[in-house]
Amino acid sequence: MNRRKFLLASSSVLANLVGVSLAKLNEGKKENEQKSGHPGYIFVVDTRKCIGCGRCVRACKVENDVPLEPYYFRTWVERYVWLKGEEEPKVDSPNGGFDGFPEIYDEKEVVKSYFVPKLCNQCKEPPCVQVCPVGATYKTPDGVVLVDEKYCIGCRYCIQACPYGARYLYPFDGPRESRRGTADKCTWCYHRITKGLLPACVLACPTQARRFGRADDERLLKLIEENPVSVLKPEQGTKPRVFYIGIDSEVR
C-alpha cells in the first residue's frame, strides 16, 4: 500500500489524533493574522456588467494550470434567466462559461436575465479549514485560504464541506504533476496579489465586472456602500468576502 492510499484509509483516525494539535495550529494562525496588520482582501462582482464572455474563466485556467477539460474550474460563470409565466429561473453554465453562452431562449419570452461569476469566497470562517484532517487547507495571515499540495491526501473532506462548490480534486492526469490527486480551488491568484498584481480573472474582464483589492480600499468600500450588495448563502455563517451587486435571492 503506497503512502497516499494508506493516508486515505486512515484519514478518520488521523482526524482524531491531530485534533488537538490542529486546534492549537488554528489558534496560532489566528494570532498571526491579528498581528500581521494586513486588513485582508475583498472581491466585488457586479453582475450588471458581466456579459458572459468567458474571458475570466479562460484566463484563470491558463494562469493557474487548471485542466482544460469540463468540470475543473477555479472560477466559472452561471446564467440566470427568468421566463414569462415561470417563478424559478433557468440556470445553465455550459463548460463553466469557458466558451461563452449560446442563445437558447426566445428573447420575447425572457423577463430578466444576467450572468453570475462564481469563485472561492475566501470565507472569514472557512469550513474547509476546519474539516481538513492534516492541516493541508489553511488560512494565511492576510486571510486567504490555500491548499498545501505537499500535505493534501485527497480525502475530499474539504470539497464536501464547501457550501459553494468551489473545490475539486485535481486529476491524476492533469498538467501540474505536483498537484495531482489533491484538492484545488481559487486562490484569488495569491501568487499575483502578494506582488501587488490583480487576479488573472479581474485583469481579463473587459467590463470591470470583477473588482478586487485590500479590505481598506476606499474605492471598493464606496462601491459596496453605494450599491445593494449580497453574499451567497449567508445562513451558512461562513462570512464570505465576495460581495455581489445585482443578484436575486434565487442565486445560491
Side-chain angles (χ1 to χ4, degrees), residues 4-5 7-9 11-12 15 43 45 52 54-79 91-101 115-123 125-140 144-193 199-202 204 210 231-233 236 238 240-242 244 251-252:
R4 181 173 295 277
K5 289 183 178 180
L7 289 175
L8 282 172
S11 59
S12 60
F43 207 113
V45 178
R55 291 184 184 180
C56 54
V57 182
R58 297 193 292 273
C60 174
K61 288 209 172 193
V62 172
E63 178 69 28
N64 296 291
D65 292 325
V66 179
L68 295 178
E69 293 82 5
Y71 311 115
Y72 300 108
F73 299 102
R74 285 191 171 197
T75 187
W76 67 99
V77 181
E78 298 175 353
R79 172 169 55 183
V91 184
D92 68 333
S93 181
N95 194 19
F98 183 92
D99 303 303
F101 290 79
F115 299 100
V116 181
K118 290 189 175 181
L119 64 162
C120 176
N121 283 260
Q122 297 294 351
C123 308
E125 300 294 338
C128 54
V129 173
Q130 298 172 17
V131 302
C132 181
V134 293
T137 290
Y138 66 99
K139 195 174 180 182
T140 65
V144 178
V145 179
L146 303 177
V147 180
D148 191 328
E149 57 200 38
K150 298 189 297 294
Y151 293 100
C152 179
I153 59 174
C155 67
R156 297 178 173 85
Y157 285 178
C158 62
I159 296 175
Q160 296 172 2
C162 177
Y164 306 104
R167 286 171 171 259
Y168 67 92
L169 197 68
Y170 201 84
F172 283 92
D173 57 351
R176 182 84 174 257
E177 184 174 356
S178 63
R179 201 184 294 159
R180 293 175 183 176
T182 63
D184 192 45
K185 70 172 193 69
C186 164
T187 64
W188 286 3
C189 284
Y190 195 68
H191 61 289
R192 292 177 57 86
I193 63 178
C201 62
V202 175
R210 293 173 178 245
V231 295
L232 300 181
K233 301 183 179 181
Q236 295 287 337
T238 61
R241 289 185 294 161
V242 175
Y244 285 90
V251 177
R252 307 293 293 170

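Along the sequence shown, the residues carry numbers beginning at 1.
Rounded to the nearest 0.5 Å, atoms CD (Gln236) and SG (Cys123) are 9.5 Å apart. Between atom CD1 of residue Ile159 and atom NZ of residue Lys185 there is a gap of 12.0 Å, rounded to the nearest 0.5 Å. The OG1 atom of Thr182 sits 11.5 Å away from atom CD1 of Ile153, with the distance rounded to the nearest 0.5 Å. A distance of 5.5 Å separates CZ in Arg74 from OH in Tyr168, rounded to the nearest 0.5 Å. We find the OH-CG distance between Tyr190 and Leu146 to be 6.5 Å, quoted to the nearest 0.5 Å. Remark: Leu169 CG to Tyr72 OH distance equals 8.0 Å, nearest 0.5 Å.
Residues that satisfy the ring pair (Phe, Tyr, Trp, His ring centres under 6.0 Å) test with Phe101, not counting sequence neighbours, are Phe115. In terms of the ring pair (Phe, Tyr, Trp, His ring centres under 6.0 Å) criterion, Tyr164 has no residue partners (sequence neighbours excluded). Residues satisfying the side chain to side chain donor-acceptor pair (under 3.5 Å) test with Arg55, not counting sequence neighbours, are none.
In this structure, Pro175 and Tyr170 have side chains that are in contact, with non-hydrogen atoms separated by less than 4.5 Å. No side-chain heavy atom of Cys60 sits less than 4.5 Å from a side-chain heavy atom of Cys186. The shortest side-chain heavy-atom distance between Trp188 and Val202 does not fall under the 4.5 Å cut-off. Side-chain atoms of Tyr157 and Gln130, non-hydrogen and from C-beta on, never get closer than 4.5 Å to each other. Looking only at side-chain heavy atoms (C-beta outward), Thr238 and Pro127 come within less than 4.5 Å of each other.
Smallest separation of non-hydrogen atoms from Arg210 and Pro117: NH2-CB, 3.3 Å. Contact detail for Cys201 and Phe43: the closest heavy-atom pair is SG-CZ, 3.8 Å. Between Arg180 and Asp173 the shortest heavy-atom distance is NE-C, 4.4 Å. When every heavy atom of Pro199 is checked against every heavy atom of Arg192, the shortest pair comes out as C-NE, 4.1 Å. Taking all atoms of both residues into account, the shortest heavy-atom contact from Cys158 to Arg167 is SG-NH1, 3.0 Å. The two residues Thr75 and Cys56 make their nearest non-hydrogen contact at CG2-O, 4.0 Å.
Of the possible polar contacts, none joining the Trp76 side chain to the Tyr71 backbone as a donor-acceptor pair under 3.5 Å is found. For Lys139 (side chain) and Glu125 (main-chain N/O), no donor-acceptor pair under 3.5 Å exists by modelled atom type. Under the 3.5 Å distance criterion, the side-chain polar atoms of Ser93 are matched with a main-chain donor or acceptor of Val77.
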Can you list the steps and then say if Val242 with Leu232 is a side chain to side chain contact (heavy atoms under 4.5 Å, CB included)? CA-CA 8 Å; Val242 175; Leu232 300 181; over 6 Å; no
Test Cys189 against Asn64 for side chain to side chain contact (heavy atoms under 4.5 Å, CB included), laying out the working first. CA-CA 8 Å; Cys189 284; Asn64 296 291; 3.7 Å; yes
Would Arg179 and Asp184 count as a salt bridge (charged side-chain N to carboxylate O under 4.0 Å, His left out) if you check the C-alpha gap in whole Å, the side-chain angles of each, and the deciding distance to 0.1 Å? CA-CA 8 Å; Arg179 201 184 294 159; Asp184 192 45; 3.7 Å; yes
